[in-house]
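Accompanying notes for the structure given below.
Everything numeric here is computed off the predicted structure, so don't read it as measured data. Because only heavy atoms are used, hydrogens play no part in the values below, and waters and symmetry mates are left out as well, while side chains stay in. Protein chains get the first letters and strands the later ones, always in sequence-line order, with residue 1 at the start of each.
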Amino acid sequence: RLRKWQERIRTKDAGERNLQFALSEIDRMASALGVPRSVREVASVIYRRALDEDLIRGRSIEGVATACLYAACRQEDIPRSLEEVSEVSRVEQKEIGRTYRYVAQELSLKMEPVDPKQYVPRFVSELELSEEVQAKANEIIDVTAEKGLLSGKSPTGYAAAAIYAASLLCNEKKTQREVADVAQVTEVTIRNRYQEQIEAMGIH
Amino acid sequence: MSTVTKSIQIENVVASMGIGQELDLETLADDLRVTQYDPEHFPGLIYRMQDPKAAALIFRSGKIVCTGAKSIADVAAALEQVFDELRELGVQIADSPDVEIQNIVSSADLGHQLNLNAIAIGLGLEHIEYEPEQFPGLVYRLDDPSVVALLFGSGKLVITGGEQTDDAEQALNVIEERLTELELLE
DNA sequence: GCTTTAAAAAGTAAGCT
DNA sequence: AGCTTACTTTCGAAAGC
């Protein structure tokens with residue numbers, strides 16, 4: 001009986017230590033990503049729900065914590081790509097993606113696909129481009145997505161191509177390499193998306 | 001028969017069966033040609049065939065998995081080849097062992113471009129998985145028939161998880177019907 | 001959960017010329 | 001800038017870690 005009592009305390013303590021560790025990791029990664037406090041709070045809420053639903057079993061705490069942070073960024077409309085998130089996590093990108101899909105499914109998080117426009121302000125700012133370019137990129141995304149070009153395409157690559165096209169149209173040209181670097185996609189992807197978008201826009 | 005139905009192509013059939021007796025894979029690995037056997041890595045012996053193109057995984061228990069065939073008839077033809085090889089090596093095998101179809105992978109074409117974003121929302125975000133950052137296809141799990149469909153922007157799709165030949169056709173009908181209801185087909 | 005087999009879809013990526 | 005190869009996703013069985 002005494003042993004069971006001790007075991008319960010030990011389990012409870014371990015559980016709380018694990019929760020503390022997860023929350024501190026979310027905090028650390030959120031800081032590294034430079035996302036606001038509200039995102040950490042949303043991530044913490046998702047993590048506690050995952051814990052309640054026993055979704056951690058068989059997975060690493062760090063993996064679930066990272067996946068929750070990735071989901072929280074998206075829910076708060078300031079998405080970070082899996083690659084960006086994996087850079088501040090000790091869990092590899094593929095594992096974060098899998099865990100995220102599992103958690104989102106199990107908790108019925110109704111996650112909408114990421115809108116490429118949500119990456120535009122940050123990328124434009126990092127490239128030191130004008131608001132005019134930002135508006136043009138947003139327009140390109142809206143118009144071409146409306147025509148069905150977005151299906152199946154990665155949001156970061158799509159946003160990068162639109163920004164590259166907009167920088168040309170606004171005479172503030174950035175090279176494909178420069179845009180590719182901030183969006184963390186290849187020049188080939190920008191080239192491919194850019195061609196389709198320009199064509200769909202009617203070669204402005 | 002609609003053009004959509006006619007677009008269905010079986011791409012892969014997975015089947016399993018047992019010959020009812022234990023096999024010495026070490027000896028088999030030496031006597032069979034084109035084989036691969038590394039028990040440290042994987043317990044099955046891998047036997048590849050060219051005609052029909054398929055692969056068989058042969059286990060010590062005498063159970064065999066056949067995969068890669070493009071039709072149920074090809075599964076039978078491939079297994080016959082395996083049986084003939086085994087018989088030549090002195091293994092007695094019944095004339096018609098029970099073969100269980102485990103999975104049929106098909107491809108098809110809805111004939112229209114798809115707005116996956118709209119479909120994800122229309123079918124209900126909780127019922128689908130669509131993460132274009134990770135994979136370009138939208139994952140749609142059906143209850144009846146019990147299969148999984150991968151829908152692509154081109155209108156082409158993959159249907160997997162079925163065990164019946166007509167599961168793909170039924171699934172395709174359900175998908176066409178639902179997308180039409182939601183006015184997301186064309 | 002992992003290991004291996006095969007196959008399609010389409011996007012992305014890396015290496016080589 | 002191509003071309004090739006390869007990896008992502010879905011599915012199932014097998015035996016064993």
Side-chain angles (χ1 to χ4, degrees), chain A residues 57-60 81-83 93-95 97-98 101-102 150-158 160 176 180 183-193 195-196, chain B residues 7-18 22-23 25 36-49 52-71 74-75 78 99-110 114 116 128-142 146-163 167-168:
Chain A
R57 190 175 293 176
R59 274 158 239 276
S60 72
S81 66
L82 284 173
E83 185 171 349
Q93 188 177 320
K94 192 172 154 185
E95 179 62 22
R98 283 188 181 183
R101 293 199 313 264
Y102 175 69
L150 180 56
S151 285
K153 282 21 176 275
S154 100
T156 48
Y158 207 84
Q176 293 179 356
Q184 294 180 299
V185 296
T186 63
E187 293 166 275
V188 178
T189 295
I190 291 189
R191 237 173 270 137
N192 292 338
R193 295 305 133 251
Q195 287 298 343
E196 297 173 351
Chain B
S7 75
I8 298 176
Q9 289 273 5
I10 292 182
E11 305 288 356
N12 184 24
V13 178
V14 181
S16 65
M17 52 89 54
E22 299 248 327
L23 293 169
L25 298 186
Q36 203 177 304
Y37 181 49
D38 180 6
E40 303 285 285
H41 199 45
F42 186 70
L45 182 153
I46 300 155
Y47 181 75
R48 289 187 171 78
M49 289 153 277
K53 190 166 186 273
L57 305 180
I58 306 171
F59 298 87
R60 197 194 55 239
S61 63
K63 292 193 174 176
I64 299 172
V65 170
C66 178
T67 184
K70 293 280 185 195
S71 68
D74 280 357
V75 169
V99 177
E100 250 188 292
I101 302 299
Q102 301 290 355
N103 182 26
I104 298 175
V105 183
S106 299
S107 64
D109 190 349
L110 288 166
L114 302 177
L116 299 183
I128 62 93
E129 232 179 80
Y130 175 47
E131 292 294 332
E133 181 185 350
Q134 302 182 55
F135 184 70
L138 180 152
V139 183
Y140 187 34
R141 290 164 206 279
L142 307 240
S146 176
V147 300
V148 174
L150 306 178
L151 313 190
F152 296 87
S154 64
K156 291 187 177 178
L157 63 158
V158 170
I159 296 168
T160 185
E163 296 181 358
D167 279 347

### Summary
By nearest-heavy-atom nucleotide on DNA chain D, the more 5' of B/Lys63 and B/Val13 is B/Val13
#### Entry: Gap between atom OH of B/Tyr130 and atom CG of B/Leu151 - 0.5 Å precision
10.5 Å
### Query
Does B/Lys53 or B/Ile46 map to a spot on DNA chain C nearer the 5' end, using the closest nucleotide for each?
B/Ile46
### Task
Determine whether B/Arg141 and B/Val139 make a side-chain contact, defined as any pair of heavy atoms from C-beta on separated by less than 4.5 Å.
yes
## Note on the structure
Separation of D/dA15 atom C1' from B/Phe59 atom CZ, nearest Å, is 7 Å
### Task
With C1' as the reference atom in both, quote the distance from D/dA1 to C/dA9 in angstrom, rounded to an integer.
26 Å
### Query
Is B/Glu163 touching bases, backbone alone, or none of the nucleic acid, heavy atoms closer than 4.0 Å?
nothing
### Task
For residues B/Val13 and B/Asp74, determine if any side-chain heavy atom of one lies less than 4.5 Å from a side-chain heavy atom of the other.
no
### Query
Taking atom OG1 of B/Thr160 and atom CD1 of B/Ile104, what is their separation to the nearest 0.5 Å?
9.5 Å
### Identified pairing partner of D/dA15, criterion: Watson-Crick or G-U wobble below 3.5 Å
C/dT3
### Task
Would you classify B/Gly137 as touching base, sugar-phosphate or nothing, given that sugar-phosphate means primed atoms plus P, OP1 and OP2, and contacts are heavy atoms under 4.0 Å?
nothing
### Query
For A/Arg57, which contact category applies under a 4.0 Å heavy-atom criterion: base, sugar-phosphate, or nothing?
nothing
#### Entry: Basic-acidic side-chain contact under 4.0 Å: B/Glu129, A/Arg101
yes
#### Entry: Who pairs with C/dA14 - Watson-Crick or G-U, where each distance is under 3.5 Å
D/dT4
### Query
Measuring from B/Glu11:CD to B/Ser71:OG, what's the distance to the nearest 0.5 Å?
12.0 Å
#### Entry: Pairwise P distance, C/dA8 and D/dA14 [rounded to whole Å]
25 Å
### Message
As a quick check of understanding, evaluate side-chain contact (heavy atoms from CB on, under 4.5 Å) for B/Phe42 and B/Phe59, giving each step before the final call.
### Response
CA-CA 10 Å; B/Phe42 186 70; B/Phe59 298 87; 4.0 Å; yes
### Query
Which is true for B/Thr67 with a 4.0 Å heavy-atom rule: it touches a base, it touches only sugar-phosphate, or it touches nothing?
base
### Query
When you match B/Val14 and A/Gly152 each to their closest nucleotide on DNA chain C, which lands nearer the 5' end?
B/Val14
### Task
Would you mind classifying the nucleic acid contact of A/Arg59 as base, sugar-phosphate or nothing, using non-hydrogen atoms under 4.0 angstrom?
nothing
### Message
With a 4.0 Å cutoff (strictly under), does any side-chain N or O of B/Ser61 reach OP1 or OP2 of D/dA15?
### Response
yes
### Task
May I ask you to test the A/Glu83-B/Glu133 pair for a side-chain heavy-atom distance under 4.5 Å?
no
### Query
Expressed as a whole number of Å, how far does the P atom of D/dC7 sit from that of C/dT3?
13 Å
### Query
Can you tell me how far the OH atom of A/Tyr158 sits from the CD atom of A/Glu196, to the nearest 0.5 Å?
7.5 Å
Please list, one pair per line, the donor and acceptor atoms closer than 3.5 Å that link side chains of residues 61-69 of chain B to other protein atoms, with sequence neighbours excluded.
residue : atom : partner : partner atom : Å
B/Ser61 : OG   : B/Lys63 : N            : 3.3

### Query
When the P atoms of D/dT8 and C/dC2 are considered, how many whole Å apart are they?
12 Å
### Query
Once each nucleotide of nucleotides 3-10 of chain D is scored for protein heavy atoms under 4.0 Å, what B/S/- sequence comes out, 5' to 3'?
-----BBB
### Task
With a 4.0 angstrom cut-off to heavy atoms of chain B, pull out the first and last contacting nucleotide of DNA chain C, in 5'-to-3' order.
C/dT3 to C/dG11
